[in-house]
Asks: 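Mind having a look at this structure? Questions to follow.
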2 protein chains.
Amino acid sequence: MATARTPDKRPYQSTELRQSATIEAVVQLCAEQDPATLTTARIADEVGLSQGALFKHFPNKNRLWESVAGWVSGQLTSQVFREADRHEQADQSLEAMFLAHVGFISRHPGIPRLMLGELQKPSNGPAKTIVRQTLVRYRKKVVGLLQLGIEQGHIAAGIDTEAAAVLYLGAIQGLVVQGMVSGEMATLEQTAPRIFKLYAASFQEIPNDPKK
Amino acid sequence: MATARTPDKRPYQSTELRQSATIEAVVQLCAEQDPATLTTARIADEVGLSQGALFKHFPNKNRLWESVAGWVSGQLTSQVFREADRHEQADQSLEAMFLAHVGFISRHPGIPRLMLGELQKPSNGPAKTIVRQTLVRYRKKVVGLLQLGIEQGHIAAGIDTEAAAVLYLGAIQGLVVQGMVSGEMATLEQTAPRIFKLYAASFQEIPNDPKK
DNA sequence: GGGAAGAAAGTAATTAATTGCTTTATTTTG
DNA sequence: CAAAATAAAGCAATTAATTACTTTCTTCCC
């Protein structure tokens, strides 16, 4: 008798599709809610399922968080690193990475909350490990680019590359926190170039050589 | 018959003393536990009270968090700003602030978790407002010092002071996140000078004037 | 001063609500 | 109709807050 209540949405979907839809729903929800307070009921509601149905696609909540962390790590790494590989000069790669990273966050405002929330957990669960390894890999990439830039002669030779990598990630962090304080995550991309320009000034090869 | 079990501790204490003891216990606990998972029972246990007794001194949990946020704000502001006022040159003030801030965090490793945790909450409760206002005031202080430094001739004139203030806070953020990733909050003070040196290079007045 | 009177501070037990997760029942599909 | 997927109800555990009651400290009056 009663036909489908949501006509355009197929009521039954494969576990694979439900999983990716759930992960994206979590990322979406984190943009407006503290991840720690996210209940399975709220998540299920966002996907369009009942709370119990969620556990047909994920064995438990922890595994769901693990999947979310994996998705974030993969997306962030691929999108940012890809942008870096499109340039020859290391300093240009760094700038492209920076802007791509900020853009990614701007498109998914919940991700800083997600990653910071994981890092805050004292227990070394799988999700936290994924986030940590992602950051470690990211920092190594930055250090590598800085050293390449030194070899290319575009970055000052005597620079503290480890510190510069920390400051690089810190610049993004500061931008994000500033966005959280002001409540406007939308204007991030607007401010990002100004921050990077200043950051780059800290290791720029000073063209004070008036040999000619 | 049985005398006091803890001889040197008076069993009954004033609400005022219990309040400050509770606040410090929370700050202490945040160093090893996610603030969101802190229960009133755990806090009461740390203070040495029963769970119910806590509500003799705080009307509810929210007000307790509000008090904690106020304490953190006051301590951070007074300790860091005091250090800044001990120098004449603005660039020296900035460095002293930076190191004092890192030292304060190093002494209370739970505070970044506390502040970030509050900022992550979407609701604009009193505690979040306190944290936000503290950061806003902090940033204005940094901007003011940067402008003073420009007037004094120790900081490059054409600098983007707003961006430099964001990068200043970002440098601390990056240091903290780096500490959380590596799990060692103790080595913060050791790395801090390297980060600040690099940061300062981004706006240093370039002594490229070989007039003599 | 000393001793009731009462305020303040403590405990243990209980409450209502919420949580992650499980189980039962219903519906849809091939 | 049977298998598979979903929805709904239920469960054990945990939470902040309240209760009823006891113990300690303070105060005030004769």
Side-chain angles (χ1 to χ4, degrees), chain A residues 1-23 25-26 29-30 33-68 117-118 121 123 125-127, chain B residues 1-23 25-26 29-30 33-68 117-118 121 123 125-127:
Chain A
M1 296 263 183
T3 53
R5 10 191 105 172
T6 55
D8 52 4
K9 278 190 181 174
R10 309 235 323 276
Y12 282 37
Q13 295 221 357
S14 71
T15 283
E16 197 177 1
L17 284 177
R18 289 297 194 201
Q19 280 177 342
S20 59
T22 303
I23 290 171
V26 169
L29 281 172
C30 284
Q33 200 168 344
D34 183 1
T37 70
L38 262 187
T39 68
T40 54
R42 180 74 187 87
I43 296 169
D45 183 63
E46 184 76 12
V47 183
L49 291 179
S50 68
Q51 186 259 351
L54 218 62
F55 293 91
K56 295 286 179 182
H57 311 291
F58 294 94
N60 53 52
K61 205 187 183 186
N62 275 340
R63 293 286 285 273
L64 167 57
W65 281 109
E66 200 177 324
S67 298
V68 171
E118 278 304 322
K121 293 183 185 174
S123 68
Chain B
M1 299 267 181
T3 54
R5 9 190 106 168
T6 53
D8 50 3
K9 276 189 182 177
R10 312 235 317 276
Y12 281 38
Q13 294 223 356
S14 71
T15 283
E16 200 176 1
L17 283 178
R18 289 299 194 201
Q19 280 177 342
S20 59
T22 303
I23 290 171
V26 169
L29 281 173
C30 283
Q33 200 167 347
D34 183 2
T37 70
L38 263 188
T39 69
T40 54
R42 180 75 186 85
I43 296 169
D45 183 63
E46 185 77 11
V47 183
L49 289 178
S50 66
Q51 185 256 347
L54 219 60
F55 293 88
K56 297 282 181 183
H57 310 292
F58 294 94
N60 53 53
K61 204 187 181 187
N62 276 339
R63 293 285 285 273
L64 166 56
W65 281 108
E66 200 176 326
S67 299
V68 171
E118 277 304 321
K121 292 183 185 175
S123 70

Asks: How close or far is atom P of dT11(C) from atom CG of L54(B), stated in whole angstroms?
Replies: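 Taking CG of L54(B) and P of dT11(C), I get 10 Å after rounding.
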Asks: Strictly under 3.5 Å: I want the nitrogen or oxygen pairs between protein and nucleotides 16-19 of chain C, one per line.
Replies:
none

Asks: Using a cut-off of under 3.5 Å, enumerate the N/O to N/O pairs linking the protein to nucleotides 19-25 of chain D.
Replies:
residue: dT23(D); atom: O2; partner: Y12(B); partner atom: OH; Å: 3.0

Asks: For the pair made of CD in Q19(B) and P in dA8(C), what is the distance, rounded to whole Å?
Replies: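 Whole-Å distance recorded here is 14 Å.
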Asks: Measure CZ/R42(B) against P/dT14(D) and give the value in whole Å, please.
Replies: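 In whole Å, dT14(D) P and R42(B) CZ are 15 Å from each other.
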Asks: Over how many whole Å does the gap from F55(A) atom CZ to dA9(D) atom P extend?
Replies: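 Whole-Å distance recorded here is 18 Å.
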Asks: Looking at dG10(C), I'd like to know if its phosphate oxygens (OP1 or OP2) sit under 4.0 Å from a side-chain N or O belonging to H57(B).
Replies: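 Yes, H57(B) has a side-chain N/O under 4.0 Å of OP1/OP2 on dG10(C).
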Asks: On a plain distance test, is the side chain of Q51(B) in donor-acceptor contact with the base of dA12(C) below 3.5 Å?
Replies: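 A donor-acceptor contact between them is absent.
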Asks: Taking C-beta and beyond as the side chain, do T15(B) and Q19(B) meet within less than 4.5 Å on heavy atoms?
Replies: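 Yes, side chains in contact.
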Asks: L49(B) CG to dA12(C) C1': how many Å, rounded?
Replies: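 About 14 Å, once rounded to whole Å.
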Asks: Look at the side-chain N and O atoms of R18(B) and state whether any lies under 4.0 Å from the OP1 or OP2 oxygen of dG10(C).
Replies: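 Yes, because at least one side-chain N or O of R18(B) sits under 4.0 Å from OP1 or OP2 of dG10(C).
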Asks: Using a cut-off of 6.0 Å, state whether more than 12 heavy atoms not belonging to R42(A) lie near its atom CZ.
Replies: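 Yes, the 6.0 Å shell around CZ holds more than 12 heavy atoms from other groups.
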Asks: Nearest 0.5 Å, what's the NZ-CG distance between K121(B) and D34(A)?
Replies: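 So the NZ of K121(B) and the CG of D34(A) are separated by 8.0 Å.
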Asks: In whole Å, I'd like the distance from the CZ atom of R63(A) to the P atom of dC21(C).
Replies: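 It works out to 12 Å between those atoms.
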Asks: Between C1' on dT26(D) and CD on Q13(B), what's the gap in Å once rounded to a whole number?
Replies: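 The answer, rounded to whole Å, is 16 Å.
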Asks: Quickly work out the I43(B) CD1 to dT15(D) P distance and round it to whole Å.
Replies: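 Result: 11 Å.
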Asks: Take R18(B) and K56(B) through the side chain to side chain contact (heavy atoms under 4.5 Å, CB included) test and state the conclusion after the steps.
Replies: CA-CA 10 Å; R18(B) 289 299 194 201; K56(B) 297 282 181 183; over 6 Å; no
Asks: Could you go through L64(A) and I43(A), starting from their C-alpha distance and side-chain angles, then the distance that decides it, and tell me whether this counts as side chain to side chain contact (heavy atoms under 4.5 Å, CB included)?
Replies: CA-CA 11 Å; L64(A) 167 57; I43(A) 296 169; 4.1 Å; yes
Asks: Does the pair T22(A) and H57(A) meet the rule for a side chain to side chain contact (heavy atoms under 4.5 Å, CB included), with working shown?
Replies: CA-CA 9 Å; T22(A) 303; H57(A) 311 291; 5.7 Å; no
Asks: What is the distance from atom CG of D45(B) to atom CG of L54(B), rounded to the nearest 0.5 Å?
Replies: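 With rounding to 0.5 Å, CG (D45(B)) is 11.0 Å from CG (L54(B)).
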Asks: Measure the spacing between CZ of F58(B) and CD1 of I23(B) and express it to the nearest 0.5 Å.
Replies: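 Going from CZ on F58(B) over to CD1 on I23(B), the span is 5.0 Å.
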Asks: Nearest 0.5 Å, please: how far is CG in L29(B) from OG1 in T39(B)?
Replies: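 It is 9.0 Å, given to the nearest 0.5 Å.
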